[in-house]
Peer 1: 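Dropping a structure here in structure tokens format, bear with me for questions.
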Amino acid sequence: QKEVEQNSGPLSVPEGAIASLNCTYSDRVSQSFFWYRQYSGKSPELIMSIYSNGDKEDGRFTAQLNKASQYVSLLIRDSQPSDSATYLCAAQGFQKLVFGTGTRLLVSP
Amino acid sequence: GAVVSQHPSRVICKSGTSVKIECRSLDFQATTMFWYRQFPKKSLMLMATSNEGSKATYEQGVEKDKFLINHASLTLSTLTVTSAHPEDSSFYICSARDPSGVWETQYFGPGTRLLVL
């Protein structure tokens, strides 16, 4: 099993809808998790970090962590076309971040 | 969030030459920086972990003599691609770990696009 897994997508949602991005992780990574957004041709940009079980909200973004089921999710409310990007889930491994392969999100007008 | 800069943003060079890329943490001191490369439509690939004042730790399959890393200060790491060849053309991205806070967060630079002719 890979340490961090994501569905590659693309995930297509209409403008204004909620986009739900999911990520599962193995025991080999620690308990701090990060969501990065990467636009085509650009470097990753940190959106959210989460360390505790439950939800963490920041504007239109909500990160959810469920340690018992070993999954992390990112909800984007009121999705906009400008949210179209690849979303990378990352977990803190031994001395380095372990990334998933990313989920491509397409928000159609 | 913390700011990480990279220079140059884009470089074109002839085959056989060496190229140096700089990565700076602008508003925090980073004892650890990371170098990644990314091919079009592919995932990030960690090349090496750069630790201030010590030798870099390279990932399996990355040639240390080809990709020289120096982390001489708490705010600067450099990656030198030696004797570059067309297959080295890629998007190189650095990141720096901010040691402040309970959990150390990694911030990325804007990346350097290298084209070797």
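Lettering follows sequence order; numbering is per chain, from 1.
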Peer 1: Roughly how far, to the nearest 0.5 Å, is the CZ atom of A/Arg104 from the NZ atom of B/Lys41?
Peer 2: 6.5 Å
Peer 1: Can you get from A/Leu105 to A/Tyr71 by hopping between Ile, Leu, Val, Met, Phe, Trp and Tyr side chains that sit under 4.5 Å apart?
Peer 2: no
Peer 1: Quick check on the hydrophobic clustering: are A/Phe33 and A/Leu75 connected, directly or via other members, by side-chain heavy-atom contacts under 4.5 Å?
Peer 2: no
Peer 1: Drop me the distance from B/Phe34's CZ to A/Leu97's CG, to the nearest 0.5 angstrom.
Peer 2: 6.5 Å
Peer 1: Who wins among A/Gly41, A/Ser8, A/Ala90, A/Ser40 for the most heavy-atom pairs under 4.5 Å with chain B?
Peer 2: A/Gly41
Peer 1: Is the NZ atom of B/Lys64 crowded by more than 12 outside heavy atoms at less than 6.0 Å?
Peer 2: no
Peer 1: Quick one: of B/Pro110, B/Ser95, B/Pro40, who has the most non-hydrogen atom pairs under 4.5 Å with chain A?
Peer 2: B/Pro110
Peer 1: If you apply the rule side chain to side chain contact (heavy atoms under 4.5 Å, CB included), what do you find for B/Ile93 with A/Gln38, and how did you get there?
Peer 2: CA-CA 12 Å; B/Ile93 313 171; A/Gln38 186 175 23; 4.3 Å; yes
Peer 1: Are B/Val11 and B/Leu79 in one and the same hydrophobic cluster, where Ile, Leu, Val, Met, Phe, Trp and Tyr link if side-chain heavy atoms are under 4.5 Å apart?
Peer 2: yes
Peer 1: What are the two closest non-hydrogen atoms of B/Gly109 and A/Ser43, and how far apart are they?
Peer 2: O-OG, 2.6 Å
Peer 1: A/Ile47 and A/Val98: same hydrophobic cluster, using ILVMFWY side-chain contacts below 4.5 Å?
Peer 2: yes
Peer 1: Can you confirm whether the side chains of A/Gln92 and B/Gln106 place a donor and an acceptor under 3.5 Å from each other?
Peer 2: no
Peer 1: Side chain, backbone, both or neither: which part of A/Glu45 has a heavy atom under 4.5 Å from chain B?
Peer 2: neither
Peer 1: If we only count heavy atoms from C-beta on, is the A/Tyr36 to B/Tyr107 side-chain gap below 4.5 Å?
Peer 2: no
Peer 1: Does any backbone or side-chain atom of A/Thr101 lie under 4.5 Å from a heavy atom of chain B? Answer side chain, backbone, both or neither.
Peer 2: both
Peer 1: What about A/Leu11 and A/Trp35, same hydrophobic cluster or not, with Ile/Leu/Val/Met/Phe/Trp/Tyr joined at side-chain heavy-atom distances under 4.5 Å?
Peer 2: yes
Peer 1: Under a 4.5 Å cut-off applied to non-hydrogen side-chain atoms, are B/Leu46 and A/Lys96 in contact?
Peer 2: yes
Peer 1: Quick check on the interface: out of A/Gly102, A/Ser49, A/Pro44, A/Gly100, who has the most heavy-atom pairs with chain B under 4.5 Å?
Peer 2: A/Pro44
